[in-house]
Amino acid sequence: MAGPLGGPRGGPRRRSGRRFRRVGQTDRAGRAGRAGRAGRPSRRGPLACDDVLLRMSTLFLRTLREDPVEAELPSHKLLLRAGYVRRVGPGIYSWMPLGMLAVRNVERVVREEMAAIGAQEVQFPALVPREVFERSGRWEDYGDALFRLKDRRDADYLLAPTHEELFTLLVKGEYSSYRDLPVSLFQIQTKYRDEARPRAGVLRAREFVMKDSYSFDVDDAGAERSYRAHRDAYERIFARLGFDYRIVSAVSGAMGGSASEELIAPTPSGEDTFVQCGNCDYAANAEAVEIAGPTRAGGDGPGPATSDSAPGPQRVLDTPGTPTIATLVERLNSMDLGRSFGAADTLKNLVVKTRAPGAADWELLVIGVPGDRDVDMKRVAGQLEPTEVAPAGPDDLAGHPGLVKGYIGPQRLSELGIRFVVDPLVTEGSAWVTGANEADRHALDVVRGRDFFPDGELGAVEVRDGDRCARCGGPLQIARGIELAHVFQLGRKYAEVFDLTVSGADGRPVTVTMGSYGVGITRAVAALAEQTHDDLGLRWPREISPADVHLVATGKGEEPYTAGEQLAAELLSAGLRVLYDDRRGSSAGVKFGDSELLGVPLIVTVGRGLAKGVVEVRDRWSDERVEVPLDGAAAEIVRIAAGQP
RNA sequence: CGGGGAGUGGCGCAGCGGUAGCGCACCUGCUUUGGGAGCAGGAGGUCGGGGGUUCGAAUCCCCCUUCCCCGACCA
């Protein structure tokens, strides 16, 4: 497969014997092996169609002039129009040849970087017997998002949404000594999730390709090294693919575990909300964000409703018909109390119920937040994990006459034996208007630390643009993005469930600690399209592009085609991947339009310039065009291509 | 699951009681060849499904179903 430019096949040097491979050594050998002779990434992968000339005349491709109605996002429209994907059903897509090349390129980069940290590839079935998931509890826990099916004997199966169980079982079956560890395994496979609402084409599909890896270590220090190695590898992967990405703190969600970060591609159309500090480098998923307490009193900025003067004694007011913050504020302002009130002056108390793992019963929990704020249930759930949280319904409140919906206050909660926490925005000493725990009455000047004493603080408030960074106090900015990858320390959850232990140095069993690291492969293609497209079409960085050069032959007679044919051959033998538009029946306009749509980073036109003995070379990124003599064009094009991202 | 919208050739759409049409794409021929060509000819549709009303239904009524968008949800 190696071409003139490729040199030896990229990838890590093979070493004999597992014991020499160490996760965590991001060895230079692996990285160096990746580079081709010209200092460019090697394009010689076993899966890339590097050595064949892609001819538009025979390529299985039909571009669309109009946007399909099903598509909303630019990436979705363009991938359809450019003939990269076709929709088969909701959240189910076929990949056509050009799309496949892009997918394979992402996979190749991922494989190279995984190999570079010593991770080894495996393959698992997508079809998994129920028992496997029953043991981890996920047959139930995964809910409706799990595709379930039956075989002819009526036995239950599922289409795996991810493979923690199988990775764990596989290692358990093979390894039994601490000497075997660490080890990192990965797969690149199709996964299935019955999303409630698939959308945005391939970005959020029900069947998609994902690279998933798991690390297995004897101790936390090892787990930390494995985590670091994967995190570093991911940075290299997304940098090579040409992404603009951020690393943000995350909650590990249903997987459990501790350290957790996401790699996010910022884009306005992304469906993940994250937060970044305008001052320091703090960034977090909106659900995992930490917000500093308020730095000043009063006002409508982030801060409590404390008035500047010391609050007076608590007073109970008749406030009939004010079960909501809006109605309460209106009523207060019409009561001639000598001051005006805003939503931020009220304390809103939300009742939820929680259930500790293994517990049979739900327990009530009241969360107090400033009245102008909403509670972010995901954020709450993330902090309470693994305890479950759910909104309390009327049935849950039934046995508690002290909790009057719309008029709940924290004053008597401890007497009632109900747990109460506040958001840190409700500071010690701050005064609030809040429910009086009887219908149609509220209490004024209710002071934390005097009139009520929360059992603790819990960051519960929905983050808002301008909230203060918990690290440096700088202003937080909210942005949208697409989740590209997630790295987290799984800990011992699956190892315990499946009893994955190895003998320690002292001969006693040690439970293995795991890390989990995912990359959305097919999603990455769409996410990159979303980030890099322009008005004319797709625009790929070289690593992911189906070709290095899009060669267009156009003009009268045979000359452009014979010259094009020869140039294509030269470029190919110079090690470039060439998409050659040799269609005779298509007009120049069609060919140019397609060349812009398809997104290959370099467009070379063999046409009217032939009269002067030149071809036009156009950079799809900068739109810069230069004429180069046909004689020696291949070498010049190689040179230009090498300078591209 | 809640709200909104839509199912008519491959794609985008019109038609809204009287024998199914347009643009793009496709096929044949001639012309054309640096910005989505021209002329001529052609192929392709159980109008999402079922039931009803009617002399007659893509069109009106009922039921079902699918898809798209927003929200809820989502390693």
Side-chain angles (χ1 to χ4, degrees), chain A residues 61-73 76-77 80-81 83 86-92 136 138 141-146 160-165 167 191-201 203-206 208 210-214 250-257 260 262 271-272 285 287 377-378 381-382 385 390-391 483-488 490 493-494 515-520 523 536-537 552-561 581 583-597 603 605-611 614-616 618 625 627:
Chain A
L61 171 73
R62 181 114 302 148
T63 56
L64 306 176
R65 195 170 295 187
E66 290 165 295
D67 287 332
V69 273
E70 72 193 66
E72 195 76 5
L73 294 187
H76 191 190
K77 288 178 181 170
L80 285 165
R81 281 188 50 210
R86 287 283 109 103
R87 180 179 166 281
V88 173
I92 309 174
S136 62
R138 292 165 87 201
D141 292 351
Y142 222 92
D144 291 336
L146 194 62
T162 171
H163 284 91
E164 280 82 0
E165 288 83 355
F167 274 102
K191 311 266 174 158
Y192 298 84
R193 290 184 202 166
D194 193 359
E195 298 284 354
R197 188 154 89 81
R199 69 187 106 176
L203 266 182
R204 181 169 207 78
R206 296 196 296 168
F208 55 96
M210 183 168 162
K211 174 262 162 183
D212 225 355
S213 51
Y214 293 86
V251 289
S252 36
M255 312 306 310
S260 174
E262 285 174 6
E271 57 180 0
D272 266 33
N285 188 300
E287 301 150 37
M377 283 299 285
K378 288 183 193 169
E385 184 91 57
E483 181 183 348
L484 297 171
H486 194 170
V487 290
F488 63 97
L490 251 187
K493 173 177 171 177
Y494 286 89
S516 168
Y517 321 93
V519 174
R523 173 181 283 187
L536 298 173
V552 174
T554 184
K556 292 180 208 168
E558 283 302 307
E559 303 95 296
Y561 295 92
D581 197 342
R583 292 176 296 180
R584 299 303 183 100
S586 303
S587 67
V590 169
K591 292 181 179 180
F592 291 144
D594 279 348
S595 72
E596 286 148 353
L597 215 210
I603 299 167
T605 306
V606 181
R608 68 177 175 203
L610 284 180
V614 298
V615 298
E616 181 188 275
R618 174 182 174 196
R625 300 166 202 224
E627 291 190 333

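Order of the sequence lines fixes the chain letters, A, B, ..., with proteins taken first and strands second; residue numbering starts at 1 for each chain. Keep in mind that the numbers below use all heavy atoms, side chains included, and drop hydrogens, waters and symmetry copies.
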[atom1] gap between [N] and [M], integer Å:
{"N": "B/C13", "M": "B/G5", "atom1": "C1'", "result": "16 Å"}
{"N": "B/G10", "M": "B/U54", "atom1": "C1'", "result": "35 Å"}
{"N": "B/C69", "M": "B/G9", "atom1": "C1'", "result": "26 Å"}
{"N": "B/A58", "M": "B/C16", "atom1": "C1'", "result": "8 Å"}
{"N": "B/C62", "M": "B/U53", "atom1": "C1'", "result": "11 Å"}
{"N": "B/C22", "M": "B/C67", "atom1": "P", "result": "31 Å"}
{"N": "B/C26", "M": "B/C68", "atom1": "P", "result": "28 Å"}
{"N": "B/G51", "M": "B/U65", "atom1": "C1'", "result": "14 Å"}

Only pairs with both distances under 3.5 Å count, Watson-Crick or wobble alike; so what is the partner of [N] in this structure?
{"N": "B/C60", "value": "B/G52"}
{"N": "B/G35", "value": "none"}
{"N": "B/C47", "value": "none"}
{"N": "B/G41", "value": "B/C27"}
{"N": "B/G2", "value": "B/C70"}
{"N": "B/C16", "value": "none"}

Less than 3.5 Å between a donor and an acceptor, one on the side chain of A/Glu596 and one on the base of B/G36, is that the case here? no
Looking at A/Arg583, does any N or O in its side chain come under 4.0 Å of the phosphate oxygens OP1/OP2 on B/U33? no
Check whether any side-chain N or O of A/Arg65 sits under 4.0 Å from OP1 or OP2 of B/A25, and answer yes or no. yes
Calculate the interatomic distance between [X] atom [atom1] and [N] atom [atom2]; express it in whole Å.
{"X": "A/Phe592", "N": "B/U33", "atom1": "CZ", "atom2": "P", "answer": "14 Å"}
{"X": "A/Leu64", "N": "B/G9", "atom1": "CG", "atom2": "C1'", "answer": "15 Å"}
{"X": "A/His76", "N": "B/C69", "atom1": "NE2", "atom2": "C1'", "answer": "12 Å"}
{"X": "A/Asp594", "N": "B/G36", "atom1": "CG", "atom2": "P", "answer": "13 Å"}
{"X": "A/Arg206", "N": "B/U66", "atom1": "CZ", "atom2": "P", "answer": "11 Å"}
{"X": "A/Arg86", "N": "B/A25", "atom1": "CZ", "atom2": "C1'", "answer": "12 Å"}
{"X": "A/Lys556", "N": "B/G35", "atom1": "NZ", "atom2": "P", "answer": "12 Å"}
{"X": "A/Leu597", "N": "B/G36", "atom1": "CG", "atom2": "P", "answer": "15 Å"}

Nearest heavy-atom pair of [X] and [Y]: which atoms, and what distance?
{"X": "A/Ser260", "Y": "A/His486", "value": "OG-NE2, 2.8 Å"}
{"X": "A/Gly83", "Y": "A/Arg86", "value": "CA-NH2, 3.5 Å"}
{"X": "A/His76", "Y": "A/Ala200", "value": "ND1-C, 3.8 Å"}

Using a heavy-atom cut-off of 4.0 Å across all strands, would you classify A/Glu616 as base, sugar-phosphate, or nothing? base
Sugar-phosphate, base or nothing in reach of A/Gly557, heavy atoms under 4.0 Å: nothing
Do the side chains of A/Phe592 and A/Thr605 get nearer than 4.5 Å, heavy atoms only? yes
Between B/G34, B/G36, B/C26, spot the one nearest the side chain of A/Arg62, thanks. B/C26
So which nucleotide from B/G34, B/A37, B/C68 ends up closest to the side chain of A/Arg87? B/C68
Can we say A/Arg584 and A/Glu558 salt-bridge, meaning some charged N sits less than 4.0 Å from an Asp/Glu carboxylate O? yes
Under 4.0 Å between a Lys/Arg side-chain N and an Asp/Glu carboxylate O for A/Glu164 and A/Arg138? yes
Run the side-chain contact (heavy atoms from CB on, under 4.5 Å) test on A/Glu271 and A/Leu203 for me, step by step, so that the C-alpha distance in whole Å, both residues' side-chain angles and the decisive distance to 0.1 Å come before the verdict. CA-CA 10 Å; A/Glu271 57 180 0; A/Leu203 266 182; over 6 Å; no
Residue pair A/Ser586/A/Ala145 against RNA chain B: nearer the 5' end by closest nucleotide is A/Ser586
Can you work out whether A/Gly518 or A/Val606 has the more 5'-proximal nearest nucleotide on RNA chain B? A/Val606
